Enquirer: 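To start, I am sharing the structure in question, which I have written as structure tokens.
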Amino acid sequence: MRKKIKFLIIGIALLVITICICIWKQSDANGNSANMGLVCQKDGVVYYNKYEKGIFALKNGQETQLTSETAYSLNIFENKIYYITVADFNNIIIKSVDINGENGKAIATIYTSISKIYVTQNAIYYATNETGKGIAKIDLTGENEQIILPENVQDFQIAQNQIYYVNNANRICKIDISGKQNKELSDTAVARKIQVIDGWIYYYDQNENALFRLKKNGKKKELISVLIHNEMYNISGQYVYYFDKEQSKIASMKIGKSNQCNDIVSLNVSKTKINLVEDEIYYLDKSEDPFQTYQMHRRKISGEESQDIQY
């Protein structure tokens, strides 16, 4: 009996650890999707947009090129990477490629000002500017497009079968993934872009010039920090990683310690994107190539140097 109880306790502990890991990985994915979705990972392999050079895979320090086009909003589902890229005449195309670089495929051409997609088991979700504009979904094969929310949106994110979005009045709202039960969550939260992490919706309030968060049910609002002055940030675990535009650096801050920050790296640009994978941060900095604006770099979130991306 004692052995059975012991094994039961071990099993429960392992389950809790697995759930925590899944939540942590989902948090990273949500933060990355708000930063152009330049990086994702699966089974120990990191897939990233080597800015303007294509999608590359990194395993055991070895880099392999999968595509040759600049890709955004990388999603991994099963053994495929789904992404968007800009085609001729500025058309946005949803594409997929196997994680080994084979079977590249164009799925659908969309017209959108929000460069992100979310891939689920049955569909791809995106914002559209076409007739019936709003949030749409389409089959993984590129068929059966359907408008879920016929309303202009400034940003959106899918989490736990809910679509969280910002409407044209800068209010944070949510709707079921089926298109039902549309509601505004707060009449005081003013946002343009959002990051849904665990039980919170994080947003930068331009009027207050500070970072806030709102409970997913809309019942509680908290100030995170008055030191964060733009939308270039990423939440992971108990930390927010953000771009300090005034001092041209990426820094980190523990949530709840709003006046304490640690510098990670100095930059030579006025804008960047921050993507996180485990203990590393992927970010954009000024390119050494005169024919492109940015290059992707990699560094430890502690600020220590790691194997950087070579061009």
Side-chain angles (χ1 to χ4, degrees), residues 20-21 23-41 46-51 58 72-74 115-116 155 157 159 191-206 208-214 222-286 294-309:
C20 289
I21 290 172
I23 291 173
W24 180 83
K25 287 185 176 180
Q26 181 66 30
S27 298
D28 281 353
N30 290 341
N32 289 348
S33 68
N35 281 266
M36 294 177 70
L38 303 178
V39 183
C40 58
Q41 73 164 335
V46 179
Y47 302 89
Y48 57 91
N49 173 355
K50 189 172 182 178
Y51 207 75
L58 181 71
Y72 307 102
S73 198
L74 274 62
S115 299
K116 61 166 62 176
D155 193 22
Q157 185 170 316
R192 194 171 71 91
K193 295 182 179 180
I194 55 175
Q195 293 186 32
V196 183
I197 310 292
D198 300 333
W200 295 93
I201 304 166
Y202 291 79
Y203 66 97
Y204 168 71
D205 187 321
Q206 192 169 10
E208 298 288 342
N209 198 22
L211 184 67
F212 288 82
R213 67 180 181 180
L214 178 73
E222 290 183 355
L223 171 67
I224 299 297
S225 178
V226 296
L227 299 181
I228 300 175
H229 297 157
N230 56 63
E231 295 170 336
M232 299 176 202
Y233 66 91
N234 195 332
I235 308 291
S236 180
Q238 294 299 309
Y239 287 84
V240 50
Y241 301 84
Y242 67 98
F243 179 56
D244 184 331
K245 186 175 181 179
E246 290 83 1
Q247 299 188 48
S248 297
K249 66 181 181 181
I250 294 176
S252 66
M253 176 187 299
K254 188 171 184 179
I255 296 172
K257 304 287 185 181
S258 62
N259 294 318
Q260 301 176 23
C261 60
N262 296 310
D263 295 350
I264 295 176
V265 62
S266 296
L267 305 183
N268 295 306
V269 289
S270 59
K271 292 182 179 180
T272 189
K273 294 296 179 182
I274 299 170
N275 284 246
L276 302 167
V277 174
E278 295 184 348
D279 65 342
E280 291 188 315
I281 181 170
Y282 287 72
Y283 62 94
L284 299 179
D285 200 358
K286 184 178 180 180
Y294 298 103
Q295 286 182 341
M296 176 76 83
H297 293 272
R298 178 172 50 228
R299 198 176 188 89
K300 296 290 186 183
I301 58 175
S302 63
E304 298 177 5
E305 293 187 3
S306 58
Q307 179 188 357
D308 200 3
I309 298 171

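Keep in mind the model is a prediction, meaning the values are calculated, not measured.
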Enquirer: Got more than 12 heavy atoms from elsewhere within 6.0 Å of CD, Glu246?
Expert: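 Count over threshold, so yes.
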Enquirer: Drop me the distance from Lys50's NZ to Ile309's CD1, to the nearest 0.5 angstrom.
Expert: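 So the gap between those two atoms works out to 7.5 Å.
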Enquirer: Tell me if a side-chain donor or acceptor on Glu280 pairs with a main-chain N or O of Lys300 at a distance below 3.5 Å.
Expert: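 Here the side-chain-to-backbone pair does not exist.
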Enquirer: Identify whether NZ of Lys or CZ of Arg in Arg298 sits under 6.0 Å from the centre of the six-membered ring of Tyr48 and within 45° of that ring's axis.
Expert: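 Here Arg298 passes the 6.0 Å and 45° test against Tyr48.
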Enquirer: Please determine whether side chain to side chain contact (heavy atoms under 4.5 Å, CB included) holds for the pair Tyr294 and Val269, giving the CA-CA distance in whole Å, both sets of side-chain angles, and the decisive distance to 0.1 Å.
Expert: CA-CA 9 Å; Tyr294 298 103; Val269 289; 3.9 Å; yes
Enquirer: Is there a side-chain contact between Leu276 and Tyr241 (heavy atoms, below 4.5 Å)?
Expert: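 Counting from C-beta outward, Leu276 and Tyr241 do come under 4.5 Å.
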Enquirer: Going by heavy atoms in the side chains, are Val277 and Asn275 under 4.5 Å from each other?
Expert: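 No - every pair of side-chain heavy atoms lies 4.5 Å or more apart.
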Enquirer: Does Asp244 use its side chain to pair, donor to acceptor, with the backbone of Ala251 at less than 3.5 Å?
Expert: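 Not confirmed, Asp244 side chain does not pair with Ala251 backbone.
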Enquirer: Would you say the side-chain atoms of Arg299 pair up with the backbone N or O of Ile264, donor to acceptor, closer than 3.5 Å?
Expert: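 Answer holds: yes.
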Enquirer: If every non-hydrogen atom of Cys261 is compared with every non-hydrogen atom of Tyr242, which pair is closest and at what distance?
Expert: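 Heavy atoms of Cys261 and Tyr242 come nearest at CB-OH, 3.4 Å.
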Enquirer: Would you call Tyr283 and Val265 a side-chain contact if the rule is heavy atoms closer than 4.5 Å?
Expert: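 Sidechains of Val265 and Tyr283: in contact.
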Enquirer: Quick one: are Ile255 and Ile224 in side-chain contact, heavy atoms under 4.5 Å?
Expert: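 Result yes, sub-4.5 Å side-chain heavy-atom pair found.
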Enquirer: For Lys116, enumerate each residue passing the salt bridge (charged side-chain N to carboxylate O under 4.0 Å, His left out) test, keeping only those at least two apart in sequence or located in another chain.
Expert: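 Lys116: salt bridge (charged side-chain N to carboxylate O under 4.0 Å, His left out) contacts with Asp155.
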Enquirer: Quick one: do Lys245 and His229 satisfy side chain to side chain contact (heavy atoms under 4.5 Å, CB included)? Show the steps, please.
Expert: CA-CA 8 Å; Lys245 186 175 181 179; His229 297 157; over 6 Å; no
Enquirer: Assess, by modelled atom type and distance only, whether the side chains of Asn209 and Tyr204 contain a donor and an acceptor separated by less than 3.5 Å.
Expert: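 Result is yes, a qualifying pair exists.
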Enquirer: How about Asn32 and Asn234: does a side-chain donor come under 3.5 Å of a side-chain acceptor?
Expert: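 There is such a pair between these side chains.
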Enquirer: Can you measure from CE (Met36) to CG (Leu284) and round to the nearest 0.5 angstrom?
Expert: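 Taking CE in Met36 and CG in Leu284, the distance rounds to 7.0 Å.
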Enquirer: How far does CG of Leu74 sit from OH of Tyr47, to the nearest 0.5 angstrom?
Expert: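 Here the interatomic distance stands at 10.5 Å.
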Enquirer: Counting C-beta onward and ignoring hydrogens, is there a side-chain heavy-atom pair between Ile197 and Tyr202 closer than 4.5 Å?
Expert: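 A side-chain contact under 4.5 Å exists here.
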Enquirer: Are side-chain heavy atoms of Asn49 and Tyr72 found at a separation under 4.5 Å?
Expert: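 Asn49 vs Tyr72: side chains touch.
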Enquirer: Where do Trp200 and Glu222 land on the side chain to side chain contact (heavy atoms under 4.5 Å, CB included) test, with the steps shown first?
Expert: CA-CA 10 Å; Trp200 295 93; Glu222 290 183 355; 3.6 Å; yes
Enquirer: Flag the pair Glu231 and Arg192 as a salt bridge only when some basic side-chain nitrogen lies within less than 4.0 angstrom of an acidic carboxylate oxygen.
Expert: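 Arg192 and Glu231: salt-bridged.
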Enquirer: As an exercise, state the distance from CG of Asp285 to CG of Leu267, rounded to the nearest 0.5 Å.
Expert: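 Between atom CG of Asp285 and atom CG of Leu267 there are 4.5 Å.
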Enquirer: Side chains of His297 and Asp308: any donor to acceptor distance under 3.5 Å?
Expert: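 There is such a pair (donor and acceptor under 3.5 Å, judged by atom type) between the side chains of Asp308 and His297.
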Enquirer: I need the Ser236 OG to Glu278 CD distance, nearest 0.5 Å.
Expert: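 Separation between the atoms: 10.5 Å.
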Enquirer: Is Val39 close to Val46 at the side-chain level, that is, under 4.5 Å between some pair of heavy atoms?
Expert: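 Result yes, sub-4.5 Å side-chain heavy-atom pair found.
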Enquirer: Any non-hydrogen side-chain atom of Met253 less than 4.5 Å from a side-chain atom of Leu227?
Expert: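 Yes - at least one pair of side-chain heavy atoms lies under 4.5 Å apart.
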Enquirer: Can you label the angle between the Tyr203 ring and the Phe212 ring as parallel, tilted or perpendicular, going by 30° and 60°?
Expert: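 The rings of Tyr203 and Phe212 lie parallel, inter-plane angle below 30°.
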Enquirer: If you measure from CD on Gln247 to OG on Ser266, what distance do you get to the nearest 0.5 Å?
Expert: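 Taking CD in Gln247 and OG in Ser266, the distance rounds to 9.0 Å.
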Enquirer: Could you check whether any side-chain N or O of Asp263 sits under 3.5 Å from a backbone N or O of Ile250, counting only pairs where one atom can act as donor and the other as acceptor?
Expert: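 Absent.
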Enquirer: Which heavy atom of Ala210 sits nearest a heavy atom of Ser225, and at what distance?
Expert: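 Closest heavy-atom pair between Ala210 and Ser225: CB-O, 3.4 Å.
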Enquirer: In sequence, state the C-alpha distance, the side-chain angles, and the governing distance for Gln195 and Asn35, and then conclude on side chain to side chain contact (heavy atoms under 4.5 Å, CB included).
Expert: CA-CA 10 Å; Gln195 293 186 32; Asn35 281 266; 3.9 Å; yes
